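Here the structure is a predicted model, which is why all the values come from computation and not from measurement.
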Amino acid sequence: MTTPGGQAYVVLQVILKEKFLGTGSGNLTELEKAINAQAALGYRLHTITTASSGSKGFGGGDRIQATMVFERLGL
């Protein structure tokens, strides 16, 4: 089902790279930007899941994949 203004649902994936030293992600602002961009288009976050992958070599750090489903408001 789609609405006159666009799709009813949007699915996005954001890859977050963990710091090589220390704890915590150095780029959670990327996740925040993706959520805020969809909110500005009239979507709300419906579901979010995460998956972690191992290091991609020296200095690569771990990666977290966030998959987000956004639902259009006012359906």
Side-chain angles (χ1 to χ4, degrees):
M1 176 179 167
T2 59
T3 63
Q7 300 174 331
Y9 292 91
V10 173
V11 179
L12 296 177
Q13 288 183 331
V14 176
I15 306 298
L16 304 173
K17 183 178 175 187
E18 290 295 312
K19 292 181 188 176
F20 178 62
L21 298 173
T23 59
S25 178
N27 61 359
L28 286 178
T29 55
E30 293 303 315
L31 189 60
E32 185 178 61
K33 286 178 190 177
I35 293 170
N36 285 328
Q38 291 305 307
L41 295 174
Y43 291 87
R44 69 174 171 198
L45 183 62
H46 181 275
T47 307
I48 185 169
T49 60
T50 59
S52 181
S53 65
S55 177
K56 300 296 182 195
F58 182 75
D62 289 339
R63 287 175 172 59
I64 297 173
Q65 175 181 308
T67 302
M68 299 171 286
V69 177
F70 293 89
E71 178 180 23
R72 188 163 186 84
L73 296 174
L75 288 178

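- When all heavy atoms of Arg72 and Gln7 are compared, the closest pair comes out as CD-O, 3.5 Å.
- Side-chain contact between Met68 and Leu31 is present, with at least one heavy-atom pair separated by less than 4.5 Å.
- If you run side-chain contact (heavy atoms from CB on, under 4.5 Å) between Phe70 and each of Val11, Leu12, Thr47, Leu41, only Leu12 comes through.
- Annotation for His46 and Tyr9: closest pair CD2-CE2, 4.4 Å, computed over non-hydrogen atoms.
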